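Here the structure is laid out as C-alpha cells; the discussion comes afterwards.
Index from 1, following the sequence. Everything numeric in this text was worked out from a predicted model, so none of it was measured.
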Amino acid sequence: MELIYFIILNLVIYMPFHLFEEAAGDFPKWMYTHKWLPYHMTHGHWMANNIFIYYPLLLLAVFLYIINETFACFGTAILVWGIINFADHFFYTVKDRKVSPGLVTGIFFLVNSIKGLSVFVKSGSFSVPGMAAGIITGIILFSLPMGLCIVVYNFFEKIIK
C-alpha cells in the first residue's frame, strides 16, 4: 500500500470520527480542566478552532506532500501527529485512571500511523534526515494549532457568540 493512503486515513479518522468522540466526552471542558487552555471554550468555539486552524494545517502538510513527494517529511508528519495525538490521550487516560475523550480513535491513529511509517521506512524515499524532519514537523502540527488557538481566542469568541 502507498504512503498516501495512510496519510489520508489519518485525516478521515480525525474528521469526523475523532472530533465526534472528543465532543461526546466534552473535550473543551477536558482541555480546560487539564490546563491545556487558559479558558473554557464552548463546543462551537472548539469546533471552529478544529475547522479553521487544526484541519487546514494538516491539509497543507498533505498538499505539500502530494505536490512533491520529495517533501516526504510533510506526509510522515501527519503520521507522527497521529502517534502524538494517541500518546496524549493515552497519557491522560493512565494519569486520570479514566478514559480520555479521543482515546478510542487515537488507537486507530496509532495503528494506522505505525503501519504507514513502516511502509515509509521500507520505501525508497526513506532517509534519517527526512524522518527527523517529519518528526519535528509532526510535533509542530500538534503544538502550533494549540498556540494559535490561544492567540485567536478573542476573534473566535466574537464570531461564535
Side-chain angles (χ1 to χ4, degrees), residues 1-31 34-37 43 46-149:
M1 226 170 149
E2 289 187 42
L3 184 60
I4 190 65
Y5 296 118
F6 296 99
I7 294 166
I8 299 290
L9 185 55
N10 263 7
L11 294 180
V12 170
I13 294 167
Y14 176 56
M15 192 165 306
F17 302 107
H18 187 68
L19 290 180
F20 176 78
E21 180 187 2
E22 287 182 339
D26 198 5
F27 200 68
K29 180 181 178 186
W30 182 96
M31 289 176 72
H34 285 82
K35 311 267 188 278
W36 276 86
L37 294 174
H43 277 275
W46 170 73
M47 189 54 73
N49 281 316
N50 278 282
I51 292 170
F52 297 112
I53 297 175
Y54 287 77
Y55 209 61
L57 287 172
L58 295 174
L59 289 174
L60 177 62
V62 173
F63 179 72
L64 289 171
Y65 173 71
I66 288 172
I67 63 168
N68 190 342
E69 288 190 14
T70 59
F71 293 138
C73 67
F74 290 103
T76 58
I78 298 295
L79 302 176
V80 169
W81 169 86
I83 292 170
I84 295 169
N85 195 308
F86 162 77
D88 178 49
H89 289 289
F90 181 75
F91 171 80
Y92 282 102
T93 294
V94 172
K95 181 180 180 277
D96 296 343
R97 294 185 180 148
K98 179 181 175 190
V99 174
S100 164
L103 178 67
V104 175
T105 49
I107 293 169
F108 292 132
F109 284 140
L110 177 68
V111 171
N112 181 64
S113 294
I114 288 173
K115 286 184 178 186
L117 288 173
S118 71
V119 165
F120 175 64
V121 167
K122 294 173 188 172
S123 76
S125 302
F126 176 77
S127 72
V128 172
M131 188 65 209
I135 292 169
I136 291 166
T137 306
I139 292 168
I140 291 168
L141 287 175
F142 185 80
S143 56
L144 179 64
M146 199 78 60
L148 290 173
C149 173

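Of all the heavy atoms in V119 and F6, the pair that sits closest is CG2-CE1, 3.6 Å. Scanning all heavy atoms of the two residues, the minimum distance from P145 to I140 falls at CD-O, 3.6 Å. Of all non-hydrogen atoms in S113 and G82, the two that sit nearest each other are OG-CA, 3.9 Å. Considering every non-hydrogen atom in both P101 and W30, the closest pair reads CD-CD1, 3.6 Å.
No side-chain donor-acceptor contact under 3.5 Å links D96 to the backbone of K98. Counting only distance, with no hydrogens or angles, the side chain of T137 and the backbone of G134 share no donor-acceptor pair below 3.5 Å. No donor-acceptor distance shorter than 3.5 angstrom exists from the side chain of S100 to the backbone of T93, with no hydrogens or angles considered.
Using the six-membered ring where Trp is involved, F90 and F86 have ring planes that are parallel, under 30° apart on the 30 and 60° scheme. Ring geometry, Y92 versus H34: the interplanar angle exceeds 60°, so the pair is classed perpendicular (tilted spans 30 to 60°). Below 30°, between 30° and 60°, or above 60°: for F109 and W81 the angle between ring planes is above 60°, a perpendicular geometry.
A centroid separation of 6.0 Å or more is found between the aromatic rings of F27 and H18.
Separating the CD1 atom in I7 from the OG1 atom in T76 is a distance of 7.5 Å, to the nearest 0.5 Å. Considering CZ of F52 and CG of L57, their distance stands at 13.5 Å, rounded to 0.5 Å. The distance from atom CG of N112 to atom CD1 of I13, rounded to the nearest 0.5 Å, is 5.0 Å. For the atom pair E21 CD and L103 CG, the distance stands at 7.0 Å (nearest 0.5 Å). Once rounded to the nearest 0.5 Å, the distance linking CD1 of I8 with OH of Y65 reads 10.0 Å. In this structure, CD1 on I78 lies 11.5 Å from CG on N85, to the nearest 0.5 angstrom.
N10 places none of its side-chain heavy atoms less than 4.5 Å from the side chain of L58. You'll find the side chain of F108 stays beyond 4.5 Å of the side chain of F17, heavy atoms only. Side-chain contact between L117 and M131 is present, with at least one heavy-atom pair separated by less than 4.5 Å. The shortest side-chain heavy-atom distance between E2 and Y5 falls under the 4.5 Å cut-off.
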Report the C-alpha separation of E22 and T105 in whole Å, then their side-chain angles, then the decisive distance to 0.1 Å, and conclude whether the side chain to side chain contact (heavy atoms under 4.5 Å, CB included) test is met.
CA-CA 9 Å; E22 287 182 339; T105 49; over 6 Å; no
Which is it for L79 and L3 under the side chain to side chain contact (heavy atoms under 4.5 Å, CB included) test, yes or no, and what are the steps along the way?
CA-CA 10 Å; L79 302 176; L3 184 60; 3.6 Å; yes
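With sequence neighbours left out, A23 forms a side chain to side chain contact (heavy atoms under 4.5 Å, CB included) with H43, W46. By the side chain to side chain contact (heavy atoms under 4.5 Å, CB included) test, L59 pairs with L11, Y55, sequence neighbours left out. With sequence neighbours left out, F126 forms a ring pair (Phe, Tyr, Trp, His ring centres under 6.0 Å) with F120.
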